[in-house]
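Worksheet for the structure shown next.
Just follow the structure's listing: the first ligand is 1, and inside any ligand the first atom is 1. As a basis for the values below, the full set of heavy atoms in this structure was taken, side chains included, without hydrogen atoms, waters or symmetry mates.
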Amino acid sequence: MERVISGIRPTGNLHLGNYFGAVKSFVKMQDEYDCMFFIADWHSLTTHPKPENIRRSAKTILAEYLACGIDPEKAPIYIQSDVKQVLELYLYFNMNAYLGELERVTSFKEKVRKQPDNVNAGLLTYPTLMAADILMHKADKVPVGKDQEQNMEMARLFARRFNRIYEVEYFKEPQSFHYTAEAVKVPGLDGSGKMGKSEGNCIYLCDDEATIRKKVMRAVTDAGPTEPNQEKPEPIKNLFTFLELVSGKEAYDYYNEQYNTMQIRYGDLKKQLAADINAFCAPIREKIQTYSADDEYLQRVARLGAERASESAEKTLREVRQIIGFR
Ligand code: AMP
Ligand code: TRP
């Protein structure tokens, strides 16, 4: 069975964008692939989070992944910092990673521009740590969005380079996995193209009913259509994308008809949307609360995940040490 690995930086709660863009398909993939999911807490150190935030945010993602339906028996979930072998592989890859190529990575250049006072070596070597995450488990496929494409190319480059330097056929090149049939870009309700944490326009899976209602009712709209069957401007299109995601075809068709015949009342649409988003989130929200309150279970899941990941990692590292000439 092909191995799939996915990492997420623990930077807050999961939102609907994370769910419909990624996690929903992870739940499917766990039945079709040999999946591993991990929480990239070492990667998150590049921004110098507070110790209490590191502990809390790893736990948060763990509880939310479980609430979404990832089954730790089928697919181990582990915390990156529980599996130390990745550090050793990170070091080996760093020895063959060149300053020039690391400096040319777009996301690094962006960080240099955005946070010139914190251009640390961890940021520079982010792609080698990510390559180690992936190659340590000999992953075949890595589900990633477009923004991670360059990091995936680097992972393939480091795999090839290792093979060339040591004259082996050891690492295979991991492929980016675009589950396009499933993936949707979830828009923001502020009229912007994308729901995202840094955009500050998220509906979180853990949001309560009142919060969801408030966020939906505040969604940006316009004065309404001015002619029948006109094309919808961005903010309105976004509302309809949401209808499609959470309300189903019938509701979508109804409001679409209302729009096309210029009878639409955005207030009604928003009320329906708020109710449907809440209906969608409610069972997940309840599970998040249950899992979050059960530290013992979360620890058990993380321990099981770490054991299975360590096994796979140690096998790779034993072989890599031998190839490199240690032991
Ligand atoms: P982030 O929390 O932004 O680091 O996102 C983690 C992953 O969630 C991304 O790699 C995407 O696969 C997915 N994701 C985040 N926001 C969205 C969105 N608005 N629409 C679709 N997918 C998203
Ligand atoms: N860089 C990824 C992100 O920001 C997170 C990540 C770290 C990752 N290591 C990984 C993703 C390994 C997939 C595989 O979203």
Side-chain angles (χ1 to χ4, degrees), residues 3-27 29 35-47 57-58 60-61 64-65 68 70 77-81 83 86-87 89-90 93 105-108 110-111 122-123 125-156 158-159 173-180 182-205 238 241-242 244-246 309 313:
R3 170 157 288 178
V4 167
I5 183 150
S6 166
I8 185 164
R9 274 171 303 119
T11 53
N13 296 94
L14 295 182
H15 50 76
L16 290 175
N18 297 133
Y19 182 82
F20 288 108
V23 184
K24 186 179 174 198
S25 43
F26 295 170
V27 174
M29 278 178 213
C35 286
M36 283 183 147
F37 301 107
F38 75 95
I39 299 165
D41 57 348
W42 267 327
H43 272 113
S44 75
L45 289 182
T46 55
T47 53
S57 47
T60 300
I61 302 278
E64 293 185 332
Y65 265 8
C68 288
I70 293 179
I77 312 174
Y78 69 94
I79 299 171
Q80 187 184 35
S81 62
V83 184
V86 75
L87 291 180
L89 195 57
Y90 174 51
F93 286 153
V105 173
T106 315
S107 49
F108 177 74
E110 214 169 279
K111 292 284 195 269
L123 273 179
T125 58
Y126 189 109
T128 55
L129 181 55
M130 182 157 160
D133 287 328
I134 297 167
L135 297 174
M136 175 170 86
H137 296 304
K138 314 262 181 68
D140 298 286
K141 289 187 156 78
V142 184
V144 285
K146 242 196 154 78
D147 61 320
Q148 297 298 312
E149 210 36 72
Q150 206 174 12
N151 285 334
M152 287 304 300
E153 268 162 36
M154 298 298 278
R156 290 189 278 268
F158 296 137
E173 296 183 32
Q175 300 308 310
S176 309
F177 191 3
H178 303 290
Y179 30 83
T180 30
E182 294 294 317
V184 245
K185 189 171 95 175
V186 179
L189 285 174
D190 51 359
S192 80
K194 192 182 171 212
M195 180 178 287
K197 249 202 102 212
S198 43
E199 285 79 4
N201 60 2
C202 295
I203 296 177
Y204 294 98
L205 294 175
N238 291 350
T241 302
F242 266 97
E244 239 177 337
L245 284 174
V246 296

### Query
Can the ring centroids of Y78 and H137 be said to lie less than 6.0 angstrom from one another?
yes
#### Entry: Element-labelled atoms of ligand 2 that are located less than 4.0 Å from some non-hydrogen atom of Y126
1 (N), 2 (C), 3 (C), 4 (O), 5 (C)
### Summary
Short version for L129: what comes under 4.0 Å of ligand 2, heavy atoms counted, is neither
### Task
Check the side chains of S192 and E199 for a donor-acceptor pair under 3.5 angstrom, ignoring hydrogens and angles.
no
## Note on the structure
Note: Q80, heavy atoms under 4.0 Å from ligand 2, region reported as neither
#### Entry: Plane angle bin for H43 and Y126 - parallel if under 30°, tilted between 30 and 60°, otherwise perpendicular
tilted
### Task
Can you label the angle between the F158 ring and the F93 ring as parallel, tilted or perpendicular, going by 30° and 60°?
parallel
### Query
Hey, does V186 come in under 3.5 Å of ligand 1, counting only N/O atoms on both sides?
yes
### Distance-only polar pair, side chains of S176 and E149, donor-acceptor under 3.5 Å
yes
### Message
Below 3.5 Å, N or O to N or O, backbone or side chain included: is there any such pair between M195 and ligand 1?
### Response
yes
## Note on the structure
Closest to atom 23 (C) of ligand 1 by heavy-atom distance, out of G17, G145, S25, is G17
### Query
Within the structure, does D133 bring an N/O atom to less than 3.5 angstrom of an N/O atom in ligand 2?
yes
### Query
Judged by non-hydrogen atoms, does H15 sit under 4.0 Å from ligand 1?
yes
#### Entry: K197 touching ligand 1 at heavy-atom level, < 4.0 angstrom
no
### N18, any N or O under 3.5 Å of ligand 1 N or O
yes
